[in-house]
Amino acid sequence: MATSRAPIPFVPSQTEFPLSRRSTRWRPLRDTQLFVDQESPEAKLAPHQYTLPRLIPATNSVDTSERPQEILIALQSWEGVVLGVDDTSFVARLIDVAGEHDDEEVKLSRDELSDFDLELLEPGAILYWTIGYRQQLRGSRERVSRIRLRRVPAWTERQLGEAQERATDLARDLDW
Amino acid sequence: MIVDSCVDGHSGEPAAVEYLRNLGVDPAEAVVIVLATHWHDDHIRGLAEVVRTCAGSRFLCPSALRTSEFLALTQSSVLGSERTTSGVREFRDVLKTLRARKAAGNPNAGPGFVIENTIIYRSAHCEVTGLSPSSAALERAMAAIAGVLPQPLRPHLRVRSPSSNEASIALWIRGTAGVALLGADVERQATDDRGWGAILALQPAAEGRSKLVKVPHHGSESGHDERIWEELLEGEPTALLTPWSRGARRLPTRTDRARILSLAPDSVIVGQGAAKPEGYDRAVERTLKEVAESRCIAKGRMGHARARCSRSDSREWQVELVRNAQRLSAAA
């Protein structure tokens, strides 16, 4: 399927690699298809819970007999929000997804983002940052840092109109 | 009375509520007012929980928020599920609590809105006056808020509060046991119809100056107005301040610290400042060193400074420092 950006790996449930023997944090990476960010809240849901459109295979045939050739061992994951942006860098507040570390603020170079994500960079954008190892199953491992910005829909007239209706009710109830 | 809110990074509790409980005080019974000085995340984290806990309190906030657009923003059903805190979400949850109280038959559950020269509390022992915002500041603050509200076809980003502090509420507390000025994030403005100029015109110290000040806007140069120290405060007052940081920007700066110490040698600063986060896996630490240009803890263990003065000697404040509170002279 034609796409303007590099695919983010996703493994459909029927091809998930049984990783739980070693670590539940291992996530398979494959050059299949994907339209869901692995770090997004949606990706943490069971397949039947997806709120996004169901994933569509990029190819009609997925070889389920072949084991993934590389996996990502996530050592640390944050969710964050962009607080400020300048010409060369941006500042984000990070929340440890596991809840084991204090929230922190970091200043990062714009160079850490892909061209596609740079287009999404502005104050208020939600980001996901994972640090870990990319492990070849039969070979080397490398330390990786992956920062992605959350894709968001646009506000619609309908959403804003409905919010306004609720606000009118609330204003009446509270003498706002 | 609880003014603003922050959350302890370890307990997850609003610091003010935790403090009162540690004193053996029940916030539900004892707190009569919860006041949000302005819509900035660093002043309202945990605010909804504070309001929920302080069941007998009245909620007060800046008049600049009294717009149907801001209310609609809080009622948006698509605020997102991200873990990051949001001032809008705090206000939404505050309003939910107030609405439930109103529905339960509390006629005074609605929010109160503060503008300059508003007496917001009065008892036999104490009077609290809101010193700001002035009408000119209010007009600008409302325009700034309108500028950040969501628009159709614009990305559904986390809504940011306006960067300006025009709406901020400074408080003048006059009690039988002393006078205090809480400067919030009020700044010096180009004209005296706004900011500290407008507050000074109210002459709040006509009946006596304050010996205690919460230094405005984290001790920044923009929050500094020499006239505050000359007209509202006694010489060498007890000054309390909280730090602020974003990336490499930090308040107070070295210059700010020197200025404040020259005016108030016994100043106290409370907060984690620029402490570095610790405890990550070594590989994570290595990567952070390579990737991050700067880092600091944004929500760690809270400390506090407790300022008390006796009725017999209302001119001297005794300050106790807990956890990460320290003398500014030692921190500089």
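First the proteins, then the strands, lettered A, B, ... as listed; each starts at 1.
The closest donor-acceptor contact from the side chain of A:Arg166 to the backbone of B:Gln75 lies under 3.5 Å.
B:Arg249 CZ: 12 or fewer foreign heavy atoms inside a 6.0 Å radius. The number of heavy atoms from other shown groups lying within 6.0 Å of CD (B:Glu139) does not exceed 12.
Pairs of residues two or more places apart, or lying in two chains, that qualify as side-chain hydrogen bond (donor to acceptor under 3.5 Å, both in side chains) and include a residue from residues 99-112 of chain B are A:Asp173-B:Arg99, A:Asp175-B:Lys102.
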A:Gln164 and B:Leu71: CA distance, side-chain angles, deciding distance, side chain to side chain contact (heavy atoms under 4.5 Å, CB included) verdict: CA-CA 8 Å; A:Gln164 190 62 60; B:Leu71 204 55; over 6 Å; no
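Annotation for B:Thr287 and A:Ile131: closest pair OG1-CG2, 3.6 Å, computed over non-hydrogen atoms. Closest approach of A:Ala163 and B:Ala72 over heavy atoms only: CB-O, 3.4 Å. When every heavy atom of B:Ser68 is checked against every heavy atom of A:Ala167, the shortest pair comes out as O-CB, 4.3 Å.
Comparing A:Pro123, A:Pro153, A:Ala92, A:Gly84 by heavy-atom pairs within less than 4.5 Å of chain B, the highest count is held by A:Pro123. Taking B:Ala103, B:Pro111, B:Gly110 one by one and counting their heavy-atom pairs under 4.5 Å with chain A, the maximum is reached by B:Pro111. In terms of heavy-atom pairs under 4.5 Å with chain B, the best-connected choice from A:Ala125, A:Gly124, A:Ser145, A:Ala154 is A:Gly124.
Interface residue B:Phe113: only side-chain heavy atoms are found under 4.5 Å from chain A. In this structure, chain B has heavy atoms under 4.5 Å from both the backbone and the side chain of A:Val106. Heavy-atom distances place the backbone of B:Thr67, and not its side chain, under 4.5 Å from chain A. Heavy-atom distances place both the backbone and the side chain of A:Leu83 under 4.5 Å from chain B. For a residue to count as touching a neighbouring chain, one of its non-hydrogen atoms must lie under 4.5 Å from one of that chain's; by this rule A:Asp111 does not touch chain B. With a threshold of 4.5 angstrom between heavy atoms, B:Glu290 approaches chain A through side-chain atoms but not through N, CA, C or O. Using a 4.5 Å cut-off between heavy atoms, A:Glu105 contacts chain B through both its backbone and its side chain. Interface residue A:Ser89: only side-chain heavy atoms are found under 4.5 Å from chain B.
Taking B:His304 as the reference, B:Tyr19 meet the ring-ring contact (aromatic ring centres under 6.0 Å, His included) condition, with sequence neighbours excluded. Residues satisfying the ring-ring contact (aromatic ring centres under 6.0 Å, His included) criterion with A:Tyr133, sequence neighbours excluded, are absent altogether.
With a 4.5 Å cut-off on side-chain heavy atoms, B:Leu288 and A:Gln76 do not count as touching. Side-chain contact between A:Ser109 and B:Glu293 is present, with heavy atoms from C-beta onward closer than 4.5 Å. Between B:Ser76 and A:Gln159 there is no side-chain heavy-atom pair separated by less than 4.5 Å. With contacts defined as side-chain heavy-atom distances shorter than 4.5 Å, the pair A:Trp155/B:Pro152 does not qualify. In this structure, B:Ile297 and A:Asp103 have side chains that are not in contact, with every pair of non-hydrogen atoms separated by 4.5 Å or more.
For residues 57-65 of chain B, heavy-atom neighbours of chain A at less than 4.5 Å comprise B:Leu65, sorted by residue number.
Interatomic distance, CZ of B:Arg295 versus CG of A:Leu108, reported as 10.0 Å (0.5 Å rounding). In this structure, OG on B:Ser245 lies 12.5 Å from NZ on A:Lys107, to the nearest 0.5 angstrom. Within the model, atoms OH of B:Tyr280 and CD of A:Glu104 stand 4.0 Å from one another, a figure rounded to the nearest 0.5 Å.
Ring geometry for B:Phe70 against A:Trp176 counts as parallel: the plane angle stays under 30°, on a 0 to 90° scale with 60° as the upper cut.
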